[in-house]
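In the text below, chain A, chain B and the rest are named by the order of the sequence lines, each starting its count at 1. A quick note: this is a predicted structure, and the numbers were derived from the prediction, not measured.
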Amino acid sequence: MSRKIRVLVAKAGLDGHDRGAKVVAAALRDAGMEVVYTGLHQTPEMIVAAALQEDVDVIGLSLHSGAHMVLFRRVLELMRERGLGQVLLTGGGVIPEEDAVVLQAEGVGRIFGPGTNTGALAAYINTEVELRRAQGGTP
Amino acid sequence: MSMPDDAMQRHRNTIKGTPRTTASGLPVEPLYADAGDIERLGLPGQHPFLRGVHPGMYRERAWTMRQYAGFGSAAETNARFRFLLAAGQTGLSTAFDLPTQMGYDPDHPLATAEVGRVGVSIVSLDDAHALFDGIPLDRVSTSMTINATAIVLLALYTAVGRAQGVSETALTGTIQNDILKEYAARGTWRFPPRPSLRIVTDIFAAAGERLPRFNPISVSGYHMREAGCTAAQEVGFTLANGIAYVAAACEAGLEVDRFAPRISFFFNAHNDVFEEVAKFRAARRMWAVLMKERFGAKDPRSCMLRFHTQTAGSTLTARQPLTNVVRVAYQALAAVLGGTQSLHTNSWDEALTLPSEDAARLALRTQQVLECESGVTATVDPLGGAPFIEALTDALEAEAQGIIAAVDKLGGALAAIETGYVQREIQRAAFQHQRAVEAGRTRVVGVNCHEQAGDAAVPVFRIDPALAAERCETVKALRARRSQSTCDDALARLVAAAKGKERLFAPVLAAVEARATMGEICTALETVFGRHREVPVL
């Protein structure tokens, strides 16, 4: 049997809005995943280091500060440098659709906006991680 | 004439303003209350202020329309301020960017991605001058949403006033300065809680001595409600924080009736109209009784809970976003029926982007329609005495009292936050709400009912991408231009003051006038106070 999906829920930058991140963390835990929550004010370096250390399948970034383009890109870049290209980078917050489209084209997974159903989010993560495990052969 | 009739007559005599009628010409009295109401509920303008802090409320003067605004550079925000004032706004409310809120200069690695995004970037006295350029600080009151670095912003504001020739006694406004709720819900802290409380108290002292018309704190339930707590928790946790500030100031040797009259509050206006009205009323009555009984306040003004309200950002939907115009209007109605002193109405596009100019103007118009057309200003506390409202008010009060008792039992608000109790309670409520929405028990139009495909695209308000680099250059130029030795001396004096027991406002003011930057001042304080580290609570 494959191991439980491990998710790092991370708050990047100086943004203090953690309601969404905490609700998502609790919901994914209820959905049977192992969830690590970073707390506020993480730099991209801290997030990727935590992802490595915790050996996660997914990084979920939460951003409400408008700094999403800079911080998603930097996290993705660091993930590739540190050999985490296999890990799913997804996230949500107040992120305009036109920005989400650009980030997805660059390799970020789906971006979830306000009003997202947490069941849909869990289903997406399950599907994506299964796909990646099948391709990459990770446990 | 019976006693209540006497009281009613005396009350009516105190109310200024012109006679009012309904739209069709029926006369409207300033207050509706029978003898039983007066005995049970009291009169507006009198302890315990259930029905309002002023005898005549909006009959005499409408609430202040105060739209929260700020983005980009000081010059851009100044232009938005002038736009809002020209559109009929009656007070300013400043949004600062996250680096300013946490005391990092734009060239700090934590700051670069955030410069000017959620508010205006303010680093030095030069920026503060540009922010208030052409705005007469003796006539316009300014609210500033600033907490961890409140003392720096208050010093900057004082220095701008000084340069404009406005005396400190003429400056009016409010500084949020509510650090406890930052640890509980909002997240823009810098120093650990205990030294932060000292700064809060120092601001109380400085305001009392030098800025008698400035509110040195806005004890805020807004953000805890946004983070997911219930109406009763909003009142309970907010008043518990208020108790902690009053106690800290008393312990620091301040006299309660000297500072308490200037304490102000900030609440959320959420969706449930009658529950919100009851919440504002319950909070007023509770605070009045608390101040009198717990702190022995004698000045009636010490017991008045004056508050600002903002409509609930977390209720705005990204789906069918124009629907938010309607949500905001009902929430604003609740705030006014609850007797708010000032109000911010959110823009309909805020679940998706920073508000555009058009959306910000429509939000202001929403308040103006309430004031000018709806008739809600004609009589004080229009719902007061209604069995439903009074029952809800009592129920809210009872539940909030239970929360204050629970916080007291943990050793007060600071201890309750340090142990994560408040954070856990808020999160639990937020998660329950999410579950209720997903199960369809709580209905949200456009999200889990009355859904519709194909939302219209919302224009995205963009911050100039060159801003962060420009701001870094500005700071660099400032550092090259100023007298470094004057600046270093001022910072050294600040550090010495922080190490001892000296009050901090005067040395901070000296530092900003020596052109020390926000980041430098906070770094200096951090060498003494340390930096707060969150213990994430899940």
Side-chain angles (χ1 to χ4, degrees), chain A residues 9-30 35-46 50 62-75 92-100 111-122, chain B residues 71 97-99 101-102 104 109-118 182 185-189 223 226-228 313-314 316-319 350-354 423 426-428 430-431 433-435 437-438 444 446-448 455 457-463 465 468 532-538:
Chain A
V9 174
K11 284 297 305 179
L14 299 179
D15 179 20
H17 296 88
D18 57 5
R19 175 178 181 166
K22 287 176 165 180
V23 164
V24 161
L28 295 182
R29 206 171 262 179
D30 273 11
V35 181
V36 180
Y37 171 57
T38 60
L40 294 175
H41 310 147
Q42 305 293 302
T43 62
E45 288 76 9
M46 290 157 82
S62 162
L63 275 152
H64 295 70
S65 70
H68 47 269
M69 295 308 276
V70 179
L71 294 171
F72 264 101
R73 281 173 173 156
R74 181 69 185 140
V75 168
V94 178
I95 297 171
E97 180 62 30
E98 60 192 66
D99 290 355
I111 304 282
F112 295 86
T116 295
N117 185 299
T118 55
L121 173 62
Chain B
F71 58 89
D97 71 357
L98 289 164
Q101 292 188 50
M102 295 182 67
Y104 298 106
L110 274 168
T112 315
E114 316 273 6
V115 175
R117 289 197 192 277
V118 302
E182 296 296 327
R186 191 169 174 275
T188 66
W189 52 68
H223 316 88
E226 285 293 288
S314 60
L316 302 181
T317 62
R319 311 309 309 274
E350 289 186 61
L352 297 152
T353 175
L354 279 174
Q423 296 90 315
I426 295 172
Q427 272 159 239
R428 185 182 309 153
F431 193 59
H433 172 78
Q434 180 70 21
R435 282 283 182 253
V437 170
E438 292 185 359
V444 183
V447 173
N448 66 3
D455 292 325
V458 171
V460 176
F461 187 89
R462 299 254 173 218
I463 298 302
H532 177 63
R533 301 267 174 229
E534 180 191 18
V535 180
V537 175
L538 254 195

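- The neighbour count for Arg435(B) CZ, taken as heavy atoms of other residues, nucleotides or ligands under 6.0 Å away, is above 12.
- Listed here is the closest heavy atom pair of Gly39(A) and Pro536(B): CA-CG, 3.7 Å.
- If you measure heavy-atom distances from Leu110(B) to chain A, the contacts under 4.5 Å come from both the backbone and the side chain.
- Minimum interatomic distance between Leu14(A) and Glu114(B) (heavy atoms only, all atoms of both residues): N-OE2, 2.8 Å.
- No part of Thr112(B) comes within reach of chain A, as not one of its non-hydrogen atoms sits under 4.5 angstrom from that chain.
- Heavy-atom distances place no part of Glu182(B) under 4.5 Å from chain A, backbone and side chain included.
- Per-residue heavy-atom pair counts under 4.5 Å with chain A were compared for Gln427(B), Arg319(B), His433(B), and the maximum is reached by Gln427(B).
- Residue contact with chain A, scored on non-hydrogen atoms closer than 4.5 Å, is absent for Pro109(B).
- Atom CZ of Phe431(B) is separated from atom CG of Asp30(A) by 4.5 Å, given to the nearest 0.5 angstrom.
- At a 4.5 Å heavy-atom cutoff, the contact between Asn117(A) and chain B is made by backbone and side-chain atoms alike.
- Atom-to-atom distance recorded for Met102(B):CE and His41(A):NE2 is 3.5 Å, nearest 0.5 angstrom.
- By number of non-hydrogen pairs under 4.5 angstrom with chain B, the leading residue of Gly20(A), Gly16(A), Ala12(A) is Gly16(A).
- For Arg74(A), no part lies under 4.5 angstrom from a heavy atom of chain B.
- Smallest separation of non-hydrogen atoms from Thr116(A) and Glu438(B): O-OE2, 3.9 Å.
- In plain terms, the two heavy atoms of Pro96(A) and Val460(B) that are nearest each other are CB-CG2, 3.6 Å.
- Heavy-atom distances place no part of Thr317(B) under 4.5 Å from chain A, backbone and side chain included.
- The contact between Leu40(A) and chain B is made by backbone and side chain atoms together, counting heavy-atom distances below 4.5 Å.
- Neither the backbone nor the side chain of Ala457(B) comes within contact range of chain A; no heavy atom of the residue lies under 4.5 Å from a heavy atom of that chain.
- Between Pro114(A) and Ala351(B), the shortest heavy-atom distance links the atoms CG-O, 3.5 Å.
- Atom CD of Glu45(A) has more than 12 neighbouring heavy atoms from other residues, nucleotides or ligands inside a 6.0 Å radius.
- Contact annotation for Thr118(A): both backbone and side-chain heavy atoms come within less than 4.5 Å of a heavy atom of chain B.
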Task: Test log, rule side-chain contact (heavy atoms from CB on, under 4.5 Å), inputs Arg29(A) and Leu538(B) - done: CA-CA 11 Å; Arg29(A) 206 171 262 179; Leu538(B) 254 195; 3.6 Å; yes
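- Going from atom NE2 of His223(B) over to atom NE2 of His17(A) covers 8.0 Å, rounded to the nearest 0.5 Å.
- Between Asp15(A) and Arg117(B) there is no salt bridge, since no side-chain N of the basic residue sits under 4.0 Å from a carboxylate O of the acidic one.
- Contacts of Glu98(A) with chain B are made by side-chain atoms alone, with heavy-atom separations under 4.5 Å and no backbone atom involved.
- Proximity to chain B (any heavy atom under 4.5 Å) is shown, for Ala26(A), by both the backbone and the side chain.
- At a 4.5 Å heavy-atom cutoff, the contact between Ser65(A) and chain B is made by backbone and side-chain atoms alike.
- By number of non-hydrogen pairs under 4.5 angstrom with chain A, the leading residue of Leu316(B), Val447(B), Leu352(B) is Leu352(B).
- Looking at Arg186(B), the atoms closer than 4.5 Å to chain A (heavy atoms on both sides) all sit in the backbone: N, CA, C or O.
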